[in-house]
Amino acid sequence: MRARIDRYQPSEIEPRWQARWDELGLHRADLADTTRPKFYLLTMYAYPSGDLHIGHWYITTPTDAIARFHRMHAENVFMPIGFDAFGLPAENAAIKNRVNPRTWTMKSIDKMRVQLRSMGASFDWSAEVITCEPDYYRWNQWLFLEFLKAGLAYRKKSAVDWCPNDGTLAREQVEGTDRHCWRCGAKVEKRELDQWYLRVTRYADELLDFNGLGWPDPIRIMQTNWIGRSEGAEVTFTTAPSAHHAGGEPLGVFTTRPDTLFGATFMVLAPEHPLLGALTAPERKAEVEAYLTQAAARTEIDRLAADREKTGVALGADAINPVNQARIPIFVADYVLGSYGTGAIMAVPAHDERDFDFATRFGLPIIKVVMPSDGDPDAALTSAFVEHSADEVLVNSGPFSGRPAADAFGEIVAWLEQHDAGKPTVTYRLRDWGFSRQRFWGTPIPVIHCERCGIVPVPAADLPVLLPENVDYAGSGVNPLTRDLAFLNVTCPSCGGPAQRESDTMDTFMDSSWYWFRYLSPHKDDGPIDPAMVARWTPVDQYTGGAEHAVMHLLYAREVTKMMRDIGLVEQGEPFLRLFNQGQILGADGERMSKSRGNVQDPDDLVARYGADTIRLFLMFMGPWDQGGSWSPTGIGGVHRFLNRVWTLALDPQGLEGGDPDSGKLPAGEDRAAAERSIRMAAHRTLRAVTEEYTGFRFNTMVAHLMELANTLFRYRGSEVANGPAWDEAIRLLLLMLAPATPHVADELWNRLRAEAGLPESTIHRESWPAVDDTATAAELREVPIQVNGKVRDRITVPAGIDQAELERLVLARDRVREVLGGRTPDRVIHAGGRLVNLVVRES
RNA sequence: GCCGAAGUGGCGGAAUGGCAGACGCGGCGGACUUAAAAUCCGCUGUCCGCAAGGGCGUUCGAGUUCGAAUCUCGACUUCGGCACCA
């Protein structure tokens, strides 16, 4: 009997190796080193919610494998981590317990640091950034003041959801169709507030350009649609005189279909339109106001829902169409948004679904102005005609009747320009960034309101504007800064008179919109970034993070980078060269993991039971990384078993333990040399596949390939080739391939084998990624499936280099093929690049 | 509703125009054991058949193709985002 080997005990191995890697400084990037190619690997930093759940592991551990894979390619890898530490959850916890959110946040961070380390993730902790620390958020303030100076920030009135007890509410804090406050249940109102905006629409066109970026198509499409560029025209209608109104005011509408201008039969203003009051006839006032109240209670999603029945109210006023002087009635309806275009539309029911619905509902005329060239201009429409094909012509359009629709667009716009009644315009769905939050737990916006001087920026020398330490939440969500007189009352930096600080804080998306620059010089105290480091290390080479950030965070990050470029701070306008969005891990119930749902999987328990390596590998093995899925621990045992099998292969190649009846023998038909060739072929084919899978982030199939290799090696365990040169090479490759994914057990086995060979300790994570030996992977024979009419009926084994004619001859000579053909001759023979032969015969 | 994605055995999934179900879980059987656990080996889509073999089968319905899980069109279901959750 053999000597007993140690059992695989992750709880002993993992902390030991984590400490060893720390001692070696393995994960510290040398930012000044220019001798190796740099690789800036960024994963979305964590929100310190208090507990790391399995979703954090799902994001982090494959990213760590990427880092380690790149280090094995002699790259200088920088993989920092930090905490996105401002935000509502801390504030909510603070309100509940009436404590400073800082206390709650810092406690969470301390816990999460320990958990993150337990993953064995190779973060460079020396670069850690915590956004709620003054040495980070002072630079938010600094950047804001620079944006202000550059005209990129401005103030505008806009509406927020407002609870009389809790102040401004986030969308998720408004509940139910009756729209009540989640905390106190009060009815939610809209309130107009002066707020800060960042002029990100300036970058709309530039943001549409993804040239040179390796971003997934779906994300690019979503961002493109979010930006929503529409080419069209602004058309100036005029208000008609009426009993209550002098008329004659210009009233601009935006349309993407100026070619349908003659079909406009009414006009619709958004409930937010500034001219509403002036245009409404006295007898309609009550009805219109009631409608506005109703509209204010609706969400934008609800307002835009195409299947909702259209609502609206006539104002009792008309507008005059510049092309034909037609008087059309003006309505207010909530399917038009104040924030888009001019907040007013000309309604062409014949050629727009929404206008068609509205016209049908309100009995308004529908005039057809575009139709196929062979159409009937008088036939009634049963739905809006919105086709865009080459052979359409205008009808009922005065001098433009008969013109091809494609040309009419330009011709009518030209006519409008000549008559000073309109111009070509591009409109975007993208809006400027509403930047103000009526919250405590964020970066104070560094401006002072002075009665005499107006808005005065806080002088750079006075930054940071610190959040007070003693906060009184009074049990409500109203920003305690608004009650903190010591914070609010200041002297005006400009005139020295009494003045008040702004109590609003910044959207926390600001924090996450430049943090990767700060990682490069986290402690720099005379500027937000280190230009030399930024020039050398950015853009980020690879960014990884959840797909739920597809639009917002990833767009804000691009916008802020461009703003930083425009104030001369950085050179490039794009932050992330390559992007990979993982799917989300949902709870076992298929819902998003959250404490309130009680479906959070705590990884600490799993680590205690299986070790970090097993969990890392299991998360990679679960399925494609971009797909996520419901959490289920089913199958984790299989991955753990695999690591145990690797352990056994490495330390006990000769073992006869276990009841394998074939143990000790070579597989049938193989001699020693054939067995060694088989082992080498398996190992090098696996290496080739695994290298490709790591490169393409296909971790699930990467793991499957490694499992297959282990299964192959088990067939030879205990035989005369076990522990031979081919075997030893295969084990060595197996460990190197595992090193990025399961770093602890790979290093442990690597070093146990080194010790057996009398070599000193040397971490596997400083080894180079091995090269494939092409001579080992080439096969002499190949199996080719034979189909008859697309169904596999036989298979044939042929020499690898066989030519088509010879293959066809062998195929047709097969008994089985002749039997299936039953005397028929194939009409066609398809050779699918040597992978398959398909014999096509006519069915009798 | 709009934008994006996904739907394949009992389960997670593989195959992205060429052998459907790799790999793993679960299940069944065997070896080892006084026994159990652990470990090792084998079988495992479904129906018909003693077998050889055959039929059916990738959410549903049409289509393109010698050949479709994969491409096209139309539905259904689920997930992500929709601008104050991060």
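All chains are named by letter (A, B, ...) in the order of the sequence lines, taking the proteins before the strands, and each is independently numbered beginning at 1. Source: prediction; values computed, not measured.
With hydrogens and angles ignored, no donor-acceptor pair closer than 3.5 Å exists between the side chain of A:Arg835 and the base of B:C19. You won't find any donor-acceptor pair under 3.5 Å spanning the side chain of A:Gln584 and the base of B:C79, going by distance alone. You won't find any donor-acceptor pair under 3.5 Å spanning the side chain of A:Arg171 and the base of B:C84, going by distance alone. Taking 3.5 Å as the limit, the base of B:C3 and the side chain of A:Gln223 contain no donor-acceptor pair of atoms between them.
Regarding contacts with the backbone of B:G24, every side-chain N or O of A:Arg641 stays at 4.0 angstrom or more from both OP1 and OP2. Regarding contacts with the backbone of B:A14, every side-chain N or O of A:Thr701 stays at 4.0 angstrom or more from both OP1 and OP2. Applying the 4.0 Å criterion to OP1 and OP2 of B:G53, one finds that A:Lys791 has every side-chain N and O outside that range. Of the side-chain N and O atoms in A:Asn700, none sit less than 4.0 angstrom from OP1 or OP2 of B:G24. Considering only side-chain N and O atoms, A:Arg7 lies nowhere under 4.0 angstrom from the phosphate OP1 or OP2 of B:U39.
For A:Phe714, the side-chain atoms get nearest to B:C40 when compared with the rest of B:C40, B:G4, B:A86. Comparing atom distances between the A:Ile301 side chain and each of B:C56, B:C82, B:C23 picks out B:C82 as nearest. In the set B:A15, B:C84, B:A83, the nucleotide with an atom closest to the side chain of A:Arg437 is B:C84. The side chain of A:Arg645 lies closest to B:C41 when the candidates are B:C41, B:C82, B:C23. Distances were taken from every side-chain heavy atom of A:Met222 (C-beta onward) to each of B:C19, B:G4, B:C82; the shortest belongs to B:G4. In the set B:A83, B:G18, B:G24, B:G24 carries the atom at the smallest distance from any side-chain atom of A:Phe621. Nearest to the side-chain atoms of A:Arg429 among the listed nucleotides B:C84, B:G24, B:A83 stands B:A83. Candidate nucleotides B:C85, B:A20, B:G55 were compared by shortest atom distance to the side chain of A:Val792, and B:A20 ranks first. Across B:G4, B:G12, B:C84, the shortest atom-to-atom separation from the side chain of A:Gln438 is found for B:C84. Nearest to the side chain of A:Val551, among B:A86, B:G1, B:G81, sits B:G81.
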Report all interatomic pairs (protein N or O, nucleotide N or O of nucleotides 61-66 of chain B) with separations under 3.5 Å.
from, atom 1, to, atom 2, distance (Å)
B:C66, OP1, A:Arg828, NH1, 3.3
B:C66, O2, A:Asn838, ND2, 2.6

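Within the nucleic acid shown, A:Thr168 comes within 4.0 Å of at least one base atom, counting heavy atoms only.
A:Tyr335 and A:Phe358 have tilted rings, their planes meeting at an angle from 30° to 60° on a 0 to 90° scale. In this structure, A:Phe699 and A:Phe697 have parallel ring planes: the angle between them is below the 30° cut-off, well short of the 60° mark. Between A:Tyr136 and A:Trp514, the angle of the ring planes stays under 30°, which puts this pair in the parallel group of the 30/60° scheme.
With its glycosidic angle more than 90° from 0, B:G27 adopts the anti conformation.
By the 4.0 Å N-to-carboxylate-O rule, A:Arg171 lies too far from A:Asp161 to be salt-bridged with it. Contact check on A:Asp652 versus A:Arg717 returns a salt bridge, with a Lys/Arg side-chain nitrogen under 4.0 Å from an Asp/Glu carboxylate oxygen.
For the residue pair A:Trp631 / A:Gln601, a side-chain donor-acceptor distance below 3.5 Å is found, with atom types taken as modelled. Using modelled atom types and a 3.5 Å distance limit, the side chains of A:Asp84 and A:Tyr45 yield a donor-acceptor pair.
Nearest-nucleotide positions on RNA chain B place A:Asp217 closer to the 5' end than the other of A:Asp217 and A:Ser436. Each of A:Leu836 and A:Met622 has a nearest nucleotide on RNA chain B; the 5'-most of these lies closest to A:Met622.
Figure legend: A:Arg558 and A:Trp215 shown as a cation-pi pair, the cationic atom lying under 6.0 angstrom from the six-membered ring centre and within 45 degrees of its axis.
Across B:G7 and B:A14, the matching P atoms stand 9 Å from one another, rounded to whole Å.
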